[in-house]
Amino acid sequence: MADLGAEWVQLDEPSLVKDQSEADLELFTDLYKPILATKHGLKILAQTYFGDVRDSYDLLTSLDFDGLGLDFLEGAETLDLVKSKGFPADKTLFAGIINGKNIWKANYDKKLALIKQLPVADDKLVLSTSCSLLHVPYTLANEPQLDEKYKRYLAFAAEKLTELTDLETILTGNGDAILKANQALFAQPRYEENETITRQVASLKESDFHREPAFEERAAIQKKEFNLPELPTTTIGSFPQTREVRRNRSKFKKGEITKDQYDEFNREQIKACVEFQEKIGLDVLVHGEFERNDMVEYFGEQLEGFLFTSNAWVQSYGVRCVKPPIIWGDVARTHDMTVKESVYAQSLTDKPVKGMLTGPVTILNWSFPREDLSPKETTYQIALAIQAETLALEKNGIKIIQIDEPALRENLPLRKSDWYSRYLDWAIPAFRLVHSKVQPSTQVHTHMCYSEFGDILDAIDAMDADVISFEASRADLTLLDQLNRDHFKTHVGPGVYDIHSPRIPSEKEVAGTIEKILKKVPLNNVWINPDCGLKTRGETETTASLENVVAATKEVRQELAHEGR
Ligand code: GLN
Ligand code: ZN
């Protein structure tokens, strides 16, 4: 780098925002001393983000770094640290003041007030984004369809760079007009408040978050109500989104078919799906989710308060991208969102059909959240909307309702010491709020995937669902030991095969997996299901796999009966 003429080298060390032990800090020192002893004329920047460096601030300021990059957005204690401990005069502060994770335009007055508090000389201050811009879409220039009344409040990656130069212009005395325009924008309310919903959230009581009667009593009632066989079989909700299903949706979006034609096609899909599930002998059926493009977008599009972009893609993982909706205002439910499809599916069979909803924490975590309302309050607004939908399903005869929370773990704070005090303390109640008002005989399921759950099983149990299905087959069912260790109370379907591969598990293999589960989880608590939704799979492998799952379950049931277990 020095040979190539670089002035600065940035070393990213975001892990410093996690809880650091003495040993961690010693290791950091041992690793960096030699690097900092031979700089070859380069300036070295230690860059952190996604939190504050409360455990390592003293160390970082004492080592021979030339610059420190600190996050003033997510770093709850960053400003306090810098103010109370001071900042070394010989180092440059790279101050992360523009939010690199969200899409809202910055309030310049607030940013200037923050900058004024920083104890550094002008020539030792660099204004920066709080983290890399990987998490936000590229530019608003790609959103010609979005009305200016919305766009003026937004800043994507390119616009955030302009915000940094705007602030510099203002600070150097040439930005009066820029500042006035920004002040004018923030002087008016951005959206019209929904007073009903804000009042509802404000008046929530402790009892709104608790379902009665307690778990065991409900379990006994539900056992009688459904009379399901041992090891009940079910799926996670979606069935393959075939080319025809996607073509139907795109034709409707382009206006080539009417809403009636669109719905009619989906009804045919639901009918075929229910017939298939009955034929192979699953116990709890689903409608198949053919009307849904994405599990968050589907609800966002129907709820009040969401805004959608055309091209605001961000990376999800690898080459996969998502287009998160923006939570623009207060979230409210104005009409039934899933009742029609579930009721139709239930009308076709005597077996219970599971209603299928996306949970409030996942809707929040997979959207761009508001900055003028806390995540907790926003999630409670969403939870009340999903609660109303849950009750509507129940009122219309749907007796098992699944509320998916695949993204629950995703926003867990990086500092373990913050897990309960800054996240789970409201995220878990938000889920309970959704189902606290249903009848004891209504069975509430949830589903989680994409993450490890072993270390938050107590929080998951506290969600107080009746049944949970986990994506666990890929982790070689290590989750089973953890469930066993923690005396997990919720009935559980640990996922008997991995749906992320087209491979068809044999009957024998599935039977073996079920036996493994039964070694760790009490028989009466076990459900049998694939480990996630089937929408990305083809029809052929789905049919074969599910047939094998049902056959394997029947085989194990027979063995159990034979052994008198
Ligand atoms: N019910 C959803 C489905 O089956 C759950 C999706 C998910 O776990 N991400 O598609
Ligand atoms: Zn899943």
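Both counts, for ligands and for their atoms, begin at 1 and track the order of listing.
Side-chain atoms of Q439 and T442 form no donor-acceptor pair, as typed in the model, at a separation below 3.5 Å.
In this structure, CZ in R409 is found 12.5 Å from CG in N365, a value given to the nearest 0.5 Å. Y262 OH to I257 CD1: the interatomic distance, rounded to the nearest 0.5 Å, is 8.0 Å. Between atom CD of residue Q387 and atom CD1 of residue I382 there is a gap of 14.0 Å, rounded to the nearest 0.5 Å.
Residue pairs meeting the side-chain hydrogen bond (donor to acceptor under 3.5 Å, both in side chains) criterion with at least one partner in residues 539-554, sequence neighbours excluded, are R537-E541.
Take a cut-off of 2.8 Å around the Zn ion (ligand 2): the protein N, O or S atoms inside it are H447 NE2, C449 SG, C532 SG.
The shortest non-hydrogen separation linking G355 to I398 is N-CG2, 3.5 Å.
Judged by distance alone, the side chain of N311 and the main-chain N or O of E143 form no donor-acceptor pair under 3.5 Å.
Protein residues having at least one heavy atom under 4.0 Å from any atom of ligand 1 are I236, G237, S238, E289, M295, M356, D404, P406, H447, C449, Y450, C532, G533, listed by chain and number.
In this structure F50 satisfies the ring pair (Phe, Tyr, Trp, His ring centres under 6.0 Å) test together with H135, sequence neighbours excluded.
Of the options T446, T390, I363, a side-chain contact (heavy atoms from CB on, under 4.5 Å) to L357 is made by T390 and by none of the others.
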